[in-house]
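Here the structure is a predicted model, which means the values were calculated and not measured.
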Amino acid sequence: MFHEFGHALHGFFANQQYPSLSGANVARDFVEFPSQFNEHWAINPMVFKNYAVHYKTGEPMPQTLIDKIKKAGTFNQGYALTEVLAAAALDMQWHKLSATDPLQDADKFETAALQKTHLDLSYVPSRYRSSYFLHIWGNGYAAGYYAYLWTEMLDHDAFSWFEENGGLTLANGQRFRDMILSKGNTEDYGKMFRDFRGHDPNISAMQKYRGLITK
């Protein structure tokens with residue numbers, strides 16, 4: 001819900017004349033940034049207490065259970081990261097084929113593609129098989145599935161800015177709205193992010209939130 005509402009906010013706060021440049025009509029390696037960023041607020045105490053209540057009594061969720069949810073959030077992240085890497089690599093391999101290449105056996109091609117990228121791992125099987133991997137055949141993500149990992153780096157780094165600057169405040173939200181959500185496809189994305197964050201995207205924030213590093 002928070003993810004998809006992030007996309008909605010990208011549209012709600014758009015400030016462009018032309019729909020083709022407005023809201024979520026941005027490059028595939030940027031479109032998931034507002035949506036994944038918005039997921040961070042799901043367990044923010046100021047937000048969480050408004051919806052995580054008992055359906056009969058209205059009592060807030062006990063802190064012990066909240067702590068368990070937060071702890072579980074970093075479970076198995078090495079596995080999850082490898083899954084997405086394999087999916088992105090497979091996507092790229094399919095889209096390197098040219099129109100003159102022969103018809104491929106999907107299973108054989110998939111195996112060879114994962115072996116080529118050293119991601120054919122029995123203990124981390126493919127997240128999506130080629131025959132039902134919607135994002136690489138439709139949905140406009142052809143050769144762009146890597147966008148989820150790229151924009152995860154952006155969203156974690158942007159959320160770190162909020163943590164460093166007072167958290168969930170009206171002023172901070174307005175700044176994100178003005179500098180990111182309202183811009184659509186009217187500026188270079190690198191400049192847009194640097195203007196907001198103050199530096200180039202930093203992978204350390206992603207590693208921290210995934211629990212892949214301890215500091």
Contacts of F133 that satisfy ring-ring contact (aromatic ring centres under 6.0 Å, His included) - sequence neighbours left out: Y128, Y145
Ring centres under 6.0 angstrom apart (Y148, H135): yes
Straight-line distance of L149 CG to L81 CG, nearest 0.5 Å: 6.0 Å
Residues V26, V31; criterion side-chain contact (heavy atoms from CB on, under 4.5 Å); working and verdict: CA-CA 6 Å; V26 297; V31 72; 3.7 Å; yes
Ring geometry between F159 and W41 (parallel below 30°, tilted from 30 to 60°, perpendicular above 60°): perpendicular
D195 vs K191, side-chain contact (heavy atoms from CB on, under 4.5 Å): CA-CA, chis, key distance, verdict: CA-CA 6 Å; D195 286 348; K191 178 182 182 302; 2.7 Å; yes
Residues, nucleotides or ligands: over 12 heavy atoms within 6.0 Å of W150 CH2: no
Would you list the atom pairs, donor with acceptor, under 3.5 Å between side chains in residues 113-124 and any protein atom, with sequence neighbours excluded?
| residue | atom | partner | partner atom | Å |
| --- | --- | --- | --- | --- |
| T117 | OG1 | A113 | O | 3.2 |
| T117 | OG1 | L114 | O | 3.3 |

Atom pair CD/OH of E152 and Y146 - distance to nearest 0.5 Å: 15.0 Å
A14: partners by side-chain contact (heavy atoms from CB on, under 4.5 Å), with sequence neighbours left out: Q16, S22
Between OG1 on residue T82 and CZ on residue R127, distance to nearest 0.5 Å: 11.5 Å
Separation of Q77 CD from F75 CZ (nearest 0.5 Å): 10.0 Å
Nearest non-hydrogen partners of D200 and R194, listed with the distance: OD1-CD, 2.8 Å
Pairwise side-chain contact, L154 with P201, heavy-atom cut-off 4.5 Å (strictly under): yes
Pairs touching residues 57-71 that satisfy side chain to side chain donor-acceptor pair (under 3.5 Å), sequence neighbours left out: Q63-D67
For the student: nearest non-hydrogen atoms of H95 and A142, plus distance: NE2-CB, 3.2 Å
Heavy-atom side-chain proximity of E110 to R129 below 4.5 angstrom: yes
Closest heavy-atom pair and its distance - A42, F48: O-CD1, 3.1 Å
Test log, rule side-chain contact (heavy atoms from CB on, under 4.5 Å), inputs Q36 and H3: CA-CA 6 Å; Q36 294 183 172; H3 177 100; 3.8 Å; yes
Residue pair Y189 / A27: nearest heavy atoms and the distance that separates them: OH-N, 2.9 Å
Point-to-point distance, once rounded to the nearest 0.5 Å, from CE of M206 to OG1 of T151: 9.5 Å
E39 side chain near D155 side chain, heavy-atom distance below 4.5 Å: no
Parallel, tilted or perpendicular: rings of F176 and F33 (30°, 60°): perpendicular
Test item: S130 and W94 side chains (from C-beta on) under 4.5 Å apart, heavy atoms: yes
Distance-only polar pair, side chains of S35 and E32, donor-acceptor under 3.5 Å: yes
Residues which pass salt bridge (charged side-chain N to carboxylate O under 4.0 Å, His left out) with D29, listed by chain and number, not counting sequence neighbours: none
Any side-chain donor near an acceptor of the partner, S160 and D157, under 3.5 Å: no
Donor-acceptor contact present, side-chain E187 to main-chain N185, <3.5 Å: no
Trace of the side-chain contact (heavy atoms from CB on, under 4.5 Å) decision for M61 with K49: CA-CA 8 Å; M61 183 179 290; K49 66 182 181 181; over 6 Å; no
N/O donor-acceptor pair under 3.5 Å between N165 side chain and W161 backbone: yes
Would you list the atom pairs, donor with acceptor, under 3.5 Å between side chains in residues 83-90 and any protein atom, with sequence neighbours excluded?
none

From L9 atom CG to I180 atom CD1, the distance as rounded to the nearest 0.5 Å: 13.5 Å
Heavy atoms from other residues, nucleotides or ligands near OH of Y132 exceed 12 (cutoff 6.0 Å): yes
Test: K183 and D178 ion pair at under 4.0 Å: no
Side-chain heavy atoms of Y141 within contact of L134, under 4.5 Å: no
Side chain N38, main chain H7, donor-acceptor under 3.5 Å: no
F37 and F162 aromatic ring geometry - parallel, tilted or perpendicular at 30°/60° bounds: tilted
Over all atoms of both residues, closest heavy-atom pair of L168 and N44: CD2-OD1, 4.0 Å
